[in-house]
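Below is one structure; the comments refer to it alone.
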Amino acid sequence: VQLQASGGGLVQAGDSLRLSCAASGRAFSGYAMGWFRQAPGKEREFVAALSRTGGSTYYADAVKGRFSISRDNAKNTGYLQMSSLKPEDTAVYYCAADRDAFYTGGVSTSPREWIYWGQGTLVTVSS
């Protein structure tokens, strides 16, 4: 499956932004989807994940309550709604997909365990 992330930009602290992840090539509904981010000089980190049907979600503690992950399988598109943005949210955001990311009671939060990746979209939050 091919993924393309979009929707990044420059916003001010407290603003909202919605990222999109368009999937093509194979049925998007067959994959769990996730969002990761990588700030300058830091490793790529887990942000959020959503199961194939949307029934299970996981969030990193840093974004819990501010970000919301969703998907529209009919449109082969996933989303990350970001609210109350902070300067520390500044990063390149990547969407990812994998068939086996979810397991009983949890989700893979290591980028190494996700197979398919989009190209990334830059989010810059000014103070």
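This one's a predicted model, so the numbers in the text were calculated from it and none came from an experiment. Only heavy atoms go into these numbers, but all of them, side chains included; no hydrogens, no water, no symmetry mates.
Remark: Glu113 pairs with Ser108, Ser110 by the side chain to side chain contact (heavy atoms under 4.5 Å, CB included) rule, at least two apart or across chains. Partners of Gln2 according to the side chain to side chain contact (heavy atoms under 4.5 Å, CB included) rule, which considers only residues two or more places apart in sequence or in another chain, are Ser24. The side chain to side chain contact (heavy atoms under 4.5 Å, CB included) check on Thr57 picks up Leu50, Tyr59, Ile69, with sequence neighbours excluded. Taking Lys42 as the reference, Ala39 meet the side chain to side chain contact (heavy atoms under 4.5 Å, CB included) condition, with sequence neighbours excluded.
Clustering ILVMFWY residues whenever any of their side-chain heavy atoms sit less than 4.5 angstrom apart, transitively, puts Leu17 in the very cluster that holds Tyr93. Under the 4.5 Å side-chain heavy-atom criterion for grouping Ile, Leu, Val, Met, Phe, Trp and Tyr, Phe46 is not connected to Met82 through any hydrophobic cluster.
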Exercise. Check step by step if side-chain contact (heavy atoms from CB on, under 4.5 Å) holds for Arg71 and Tyr79.
Key: CA-CA 6 Å; Arg71 66 192 298 163; Tyr79 305 96; 5.7 Å; no

Exercise. Could you walk me through whether Cys21 and Gln4 pass the side-chain contact (heavy atoms from CB on, under 4.5 Å) test, one step at a time?
Key: CA-CA 5 Å; Cys21 178; Gln4 184 166 354; over 6 Å; no

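Between Met33 and Phe28, some side-chain heavy-atom pair lies under the 4.5 Å cut-off. When side chains are defined from C-beta on, Phe67 counts as touching Leu85, because their heavy atoms get closer than 4.5 Å.
Listed here is the closest heavy atom pair of Ala91 and Arg37: CB-CB, 3.8 Å.
Of the possible donor and acceptor atoms, none in the side chain of Asp72 sits under 3.5 Å from a partner among the backbone N and O of Thr77. No donor-acceptor distance shorter than 3.5 angstrom exists from the side chain of Arg44 to the backbone of Gln38, with no hydrogens or angles considered. Distance alone, capped at 3.5 Å, places no donor-acceptor pair between the Asn73 side chain and the Asn76 backbone.
Within the structure, every pair that satisfies the ring-ring contact (aromatic ring centres under 6.0 Å, His included) test and touches residues 98-118, not counting sequence neighbours, is listed here: Tyr31-Tyr116, Phe36-Trp114, Phe36-Trp117, Tyr58-Phe102.
Taking CZ of Arg18 as the start and OG of Ser68 as the end, the distance is 10.5 Å to the nearest 0.5 Å. Atom CD of Gln81 and atom OG of Ser70 lie 8.0 Å apart (nearest 0.5 Å).
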N/O donor-acceptor pairs under 3.5 Å from side chains in residues 119-127, not counting sequence neighbours:
unit_1 : atom_1 : unit_2 : atom_2 : d
Gln119 : OE1    : Ala5   : N      : 3.2
Gln119 : NE2    : Ala5   : O      : 2.8
Thr121 : OG1    : Gly8   : N      : 3.0
Ser126 : OG     : Val11  : O      : 3.3

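Between Lys86 and Asp89 no salt bridge is recorded (no basic side-chain N to carboxylate O distance below 4.0 Å).
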